[in-house]
There are 4 protein chains.
Amino acid sequence: MSEFSRFKAISPLDFRYWDRDASSLLSEEYFIIRKLYVEFALATVLCRRGLIDKAAFDEIAAACFGASAVTAEEVYEEERRIGHDIRALANCIQRRVSDRAKPYVHLMATSQDIIDTANASRYWQAIQNLLLPRLLELESALITIAEREAETLQIGRTHGQHAVPITFGFAMAGYVSRLGNCIEEIKALASRIRGKFSGAVGAYNALKLLFDDPEVVESEVLAELGIKPAEHSTQIVQPEALMRLLHEVVLAMGIMANLADDMRNLSRPEIAEVGEAFGPDQVGSSTMPHKRNPIHFERVKSFWKIVMPRYTTLFLDQLSEHQRDGTNLASSRTYPEALGYATFAAHEAAQAMRGLSVYREKCQKNLELSRGSIMAEPLYVSLAVHGHPDAHEKVRQLTLKAERSKNMLMEIAEADPELKPYWEKMTARQEGLLFSLPSLSPSLYTGIAAGKARKIAAEWKEKLGLK
Amino acid sequence: MSEFSRFKAISPLDFRYWDRDASSLLSEEYFIIRKLYVEFALATVLCRRGLIDKAAFDEIAAACFGASAVTAEEVYEEERRIGHDIRALANCIQRRVSDRAKPYVHLMATSQDIIDTANASRYWQAIQNLLLPRLLELESALITIAEREAETLQIGRTHGQHAVPITFGFAMAGYVSRLGNCIEEIKALASRIRGKFSGAVGAYNALKLLFDDPEVVESEVLAELGIKPAEHSTQIVQPEALMRLLHEVVLAMGIMANLADDMRNLSRPEIAEVGEAFGPDQVGSSTMPHKRNPIHFERVKSFWKIVMPRYTTLFLDQLSEHQRDGTNLASSRTYPEALGYATFAAHEAAQAMRGLSVYREKCQKNLELSRGSIMAEPLYVSLAVHGHPDAHEKVRQLTLKAERSKNMLMEIAEADPELKPYWEKMTARQEGLLFSLPSLSPSLYTGIAAGKARKIAAEWKEKLGLK
Amino acid sequence: MSEFSRFKAISPLDFRYWDRDASSLLSEEYFIIRKLYVEFALATVLCRRGLIDKAAFDEIAAACFGASAVTAEEVYEEERRIGHDIRALANCIQRRVSDRAKPYVHLMATSQDIIDTANASRYWQAIQNLLLPRLLELESALITIAEREAETLQIGRTHGQHAVPITFGFAMAGYVSRLGNCIEEIKALASRIRGKFSGAVGAYNALKLLFDDPEVVESEVLAELGIKPAEHSTQIVQPEALMRLLHEVVLAMGIMANLADDMRNLSRPEIAEVGEAFGPDQVGSSTMPHKRNPIHFERVKSFWKIVMPRYTTLFLDQLSEHQRDGTNLASSRTYPEALGYATFAAHEAAQAMRGLSVYREKCQKNLELSRGSIMAEPLYVSLAVHGHPDAHEKVRQLTLKAERSKNMLMEIAEADPELKPYWEKMTARQEGLLFSLPSLSPSLYTGIAAGKARKIAAEWKEKLGLK
Amino acid sequence: MSEFSRFKAISPLDFRYWDRDASSLLSEEYFIIRKLYVEFALATVLCRRGLIDKAAFDEIAAACFGASAVTAEEVYEEERRIGHDIRALANCIQRRVSDRAKPYVHLMATSQDIIDTANASRYWQAIQNLLLPRLLELESALITIAEREAETLQIGRTHGQHAVPITFGFAMAGYVSRLGNCIEEIKALASRIRGKFSGAVGAYNALKLLFDDPEVVESEVLAELGIKPAEHSTQIVQPEALMRLLHEVVLAMGIMANLADDMRNLSRPEIAEVGEAFGPDQVGSSTMPHKRNPIHFERVKSFWKIVMPRYTTLFLDQLSEHQRDGTNLASSRTYPEALGYATFAAHEAAQAMRGLSVYREKCQKNLELSRGSIMAEPLYVSLAVHGHPDAHEKVRQLTLKAERSKNMLMEIAEADPELKPYWEKMTARQEGLLFSLPSLSPSLYTGIAAGKARKIAAEWKEKLGLK
């Protein structure tokens, strides 16, 4: 019944981008395993507090945990009969235990106690074991490039146009910094997601029947999974903590998509500053045998286009009437998809960055493309500090003149009689900087790019414990 | 390799809401079947135009179509080797045919010729065979209720507050009309989605090598699938036609979600005008044995919360650089999910509406709740037409007085000396209408609700050919 | 009170992108003018049907229409007192008329009769008088370029990489076609938006008190504004018709954003196939005097980034409980913003396209960049039709070899012994096509690009009545 | 020129929801004031570091700050001439100063140094002075109700159906907790937004011409506005910090919208547990004089429907090519709108909650509606702990029997022979709890609702320093 070809699936996450590791933590099967674990945690606490004896506990434990535990198939089979997923799960456990143990299965718990706590637990695990390792892989690849290309000259581009020079490593350091911050936020926010065991409406009604310290009981059950309770819950846990975490995951995907856009643009044949690795048997087009497409970066961007809009589903689920309405029944089941895609995206991006070729000569050649006009800024600043009252406008006109005459900006500037007095006041460094293009001098006008690239790379290696 | 338990899936569409019918048209397997069919269509035209003989055609046909056709597994296996999905598909076909036929497999086609045309074809089929039948089921259920409850009095509610009376059937007729219009739009828009066979950049470059009438060749290939070509295409088909169709599908889901909200609210125990059917073994809560939750309507709303945000992915994919960028590689593979959820939602809504109980006495009782204040409008209108210069404000003050004194609005109004002259001018009908509450008279103040309910029901039955 | 500097505004639409024409149709002031016009239409029908005499009608008409009509300020002042916008409007009218006319002001109307009808009317006007003229300006500019550059060779780009040749005009024709279709849809959908005059809950309760043909009365009132009634309404008009229209407006903005992306990329200095016009005094950067940024195209894209997400507000407003909930009170007031931005975007895009420089030599130079590898497709097709059983793979390997050796693909191909027999079978045309690069032959491998550019341009000029 | 009636505005934020306080911090005028302040900060540092003398500084200071500073009108006028907003601002300053001071105006700064820093500063101010005070007003109102109604019995509602009892104050405490957390996050995140003064591409190119410690210079300039620099910037500041802040603002609006939904539902006439305050002159409907609509809560929800979708604009602006593309030119100017609406929403919600009537008798009456079936949970738990092996299913059947027979659940349960042995084992407390309905006993089955309401209220009063 439940066996089927993955090609019968509709979501690309379940055939094309299906991944054993992701499935092992994000699938329905694992969700049921985690829910059983919450029932197990409850039995543990009931036993410790003397409501059930060791023998009854062992029965329940065996049904919830280990080789002979209740299976996803059984639960779905029972649900088909009674139309309720968690009652089905409880029934399946009860069937495996003696009449003595039966009454204590799921006792006092409402479905969402099990579901929200199991979710908190599996999301935490997926963050730790799936997403963070992949994001760190990518961060590590970015750091490597930031350091290796710290001195590689590149034209800085704003509005798609040539601005002033930077280094390739400096540009990478920006991503190191942004992604590093995201990683730290994800870690922090993952530790802040919460579970609950406060019953049908959050007031511990059933727990209070049997215990005088229901909030402590809740903490004890959740502690078995390494999870803490929310400050207040209704039937469901407050949604905001999980939203903050998943929002940060979307931010991480946005950073990867931004990186992917840059790499896609830099690999245009006219720019050609980078190239994605390409396998010897790899085909780029079914009809154009010469094609080399940056498909890994395209896919990273495409995953963002899938996941980013879906965040709105969380905005919608944030609103739940009274102690809970049921309109998140289906929608909340789609949250793991975001983690699946994010993991895949990080992996793709890491691989693509590790295999990236940086073509330094092309970087240099592109820098020289504008015949020195990119030195308009230092020229204007130098004139200004030597007292030219309208230096920006003056230089703007010189660049227009250079463009029309196809001469180098500096030649035009040198020849301009109005500027003569200012040249005399220039320092050696300013002159050296301004007049040495196109030989090699923009290398002098990169500000602190190289140093900053190295500093940021070093700091994040340290902070994140990367080698 | 490809066999796996559906519980290893991550998307709820592939385990919880997985459905054989939906899968048969929306799965990856069927997508590959449709792509093979486009290759088959190409061979058909090449044969008809004399480029290949019948024998070669038969070889290609057998590889593309029928019991021994290329399988999804083979294609994925080959893609793993060469990293390109459609070239993999072409290679798989080529392997099954003789050297004579090999060169003509996929000849002149670019991947997107195959993909976009296969998509147009399978979306069209899914609309016809999956979604429209389910929407018509729902429309039919709505029509039945609109007719059956055409006279059932109900208080009209605006801002959640009691306004003036309508009938239950009239409210349903609104949904009949809105959904009916959507169904007609979906039909029309489905017939307007387009395929393409214009090659790598849309200019028929390769086709033009061999044919003088490449646009005619394109039409012939597509005609084999019942699809027409776009007026202009790049590597990909113009996105807007598909967007209009899927937007309309989201609109249909919005109408269903709106209906679901109404039903959820009317089934609140304090209102209790309707009730969802509930099975004898059905469980409403894992801890509260008495619960009866409107889970079918909740699920319908929840599906909307899944699908509506995802429409933004289409907005993002609308922008594709130059003759095509590849950032829709993954995202465009998620479009069938919308059809899957919409189909499921329509089915759930249809079932829930067919099993719906309408509690007429409770409708009547709710109508009487406001002690006649809902007749404030006809009172004000009647005073106005008899010349009261400030009738709205006068009646507003009477309703405040009625509220404070807990008397019926009409008793207060009758006793008011200022209004005396106006009573004398009232027509019998106006008086009868105004003074007979709470016995039965709001039944007189329902405008043309009952008639309109019947008229709309009849018209849509006719238009859509429903019995 | 209401006079203030536009720089006190918060929305950029009201200071930076504020425009007299847009404001004249989309502002709050005009909305009130249109609402007064609906009240005027009601009085017209009441007079025609004999409920009020000509004198009373004239009084109401003067209050609703013309130089001495009620003003926005008055209405807001009255609303501050009573907390209801439409009752305030009605009160303002009533104050200006005699006691005889007073009762007939706003008689039988619910607020939404006025609001929804006024909205339908002003949206229709804004589409006709603001948006369509600007979109036609842009369409016209696109057609001009499509024709002028019909023969201008350009490399087709897919995945940002060089594919096979097209012409510049052919690429433009794609936008002509897509935008042309949008324009036609917008026209059609604008004629399908609807108003209502069916009262508080849509059942004509109040109208039925006075008329036996309330639906006819509704049609008569709406006809005064050139608007038709919805098939069924509640307190509000069915939302889907307006959604379809505004969705199409967002589609039009998506097409413009797509065009803007292409132009931004083509104006990168490394590609440099186009350039945005730049004024002699225009400054590109406050610190880099040489900068020439494609800010008009950037702005067009940026407007899309503003408007596209806001469409989700319409998806949310589609759901309104029962006969109407009030949660669209504020949100529905933001819809005109979309029309404002769309109008602005179309104007910017039209201007930028009219001033666009196309650099034909650079187009040609870029075409030659890949040393003939863009002819891999015709080479493979030619080999295939001459019987090579694995032509695609063979050519793929040749392109790798060409890349490594930095030789032209065709030289490599010609020297390859395995291919010898196929050369002998080639037609003159195929050979001419394949071997003449880089001189001028890709001009032969542009399929039907030039002809199609001209055909589409001509067709849309005809369809849209452009000269 | 710039004076116009606010009714000529298109955005409702600039006429209907325009507010002097919001405008004073969020308008274009104030944005320009803040940008001038950044120029002033630059001059301050240049003076302190000896590049300009006190006299030149005083000239620049006077142009940037105080009564005779450059105005928004001037800047817009100059921009019209040169087409660049920040160069226009710099030109306006330069015009007011002597030739000696001119060169130092805006020296080394790129536009975004000014813009991003001015934005960081004004957003910080708007959070501190506008939004947080309003959110604290609301939090305070919620705390008051949580304490006052800590003991007010209310039925807990899940899926819109009656679950088990809570107290009104307990439900409010949930909002106290959620909103409290949001307020703390907003505070923390506001202190983390960053500015920049790192020049055209973020590498301090121009600064490095004149200073050996450009990062220290950056810190000094920003410190004048109380802002810190980003760890790394390109032409623009890293977007994520601002996104986190605005995301949290949207979360706060989601919490308010959720609260508004609850209040709207509880004020339905059939439920009637709360009522919004209504002024003596307030009109609810232009045609139904009796209407009392919860318009303040509706507006709060409606503001969320405006703002939530717009967050997607920030997701889109997160991606900026290379050192910056210009596609956020217009879109980034809309961010203040979110703060404007959020402030308005918080104010509306606070007012509505302060004026809220809680109808305790109706709460009690609704609790009794289900004839004891809400005690099914404690009945099942009690049977279970006394050893009933299938207590949930047993009680489920009893509730069906009670429903059919219209008897109280407990009467049915008491009469059931199978349950006899369990009654004998019950503790006095359990029996008292179960059998005292409908008199007053659900008051015993509220878990720790009242205590928790008080505890949470007290804690947040303490944490947020509310009196």
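Residue numbers begin at 1 in each chain, while the letters A, B, ... track the order of the sequences.
The most heavy-atom pairs under 4.5 Å with chain B, out of C/Gly202, C/Cys182, C/Ser198, come from C/Gly202. Highest contact tally toward chain B, considering only C/Pro309, C/Gly174, C/Ala90, C/Ala101, is held by C/Gly174 [criterion: heavy-atom pairs under 4.5 Å].
By the 4.0 Å N-to-carboxylate-O rule, C/Arg178 lies close enough to B/Glu240 to be salt-bridged with it.
Among all heavy-atom pairs drawn from B/Val201 and C/Gly156, the shortest one is CG1-CA, 4.0 Å. For the residue pair B/His159 and C/Gly326, the shortest heavy atom distance occurs at ND1-CA, 3.7 Å. Closest of all the heavy-atom pairs between C/Leu209 and B/Tyr445 is CG-CE1, 3.8 Å. In terms of heavy atoms, B/Ala200 sits closest to C/Val164 at CB-CG2, 4.2 Å.
Side-chain contact check for B/Leu266 versus C/His322: some heavy-atom pair is nearer than 4.5 Å. Residues B/Asn181 and C/Glu231 form a side-chain contact, since some pair of their non-hydrogen atoms from C-beta on lies under 4.5 Å apart. The side-chain heavy atoms of B/Pro165 and C/Asn205, taken from C-beta on, include a pair separated by under 4.5 Å. Side-chain contact between B/Arg244 and C/Leu251: present, with at least one pair of heavy atoms (C-beta onward) separated by less than 4.5 Å.
Proximity to chain C involves both the backbone and the side chain of B/Ile448, based on heavy atoms less than 4.5 angstrom apart. For chain C, the nearby parts of B/Asp262 are the backbone and the side chain; heavy atoms of each come within less than 4.5 Å. Proximity to chain C is limited to the side chain of B/Gln94, based on heavy atoms less than 4.5 angstrom apart. Proximity to chain B is limited to the side chain of C/Glu185, based on heavy atoms less than 4.5 angstrom apart. The contact between C/Ser233 and chain B is made entirely by backbone atoms, counting heavy-atom distances below 4.5 Å.
The aromatic rings of C/Tyr311 and B/Phe315 lie perpendicular to each other, with more than 60° between the two planes, well past the 30° mark.
In this structure, C/His232 has its ring center at least 6.0 angstrom away from the ring center of B/Tyr175.
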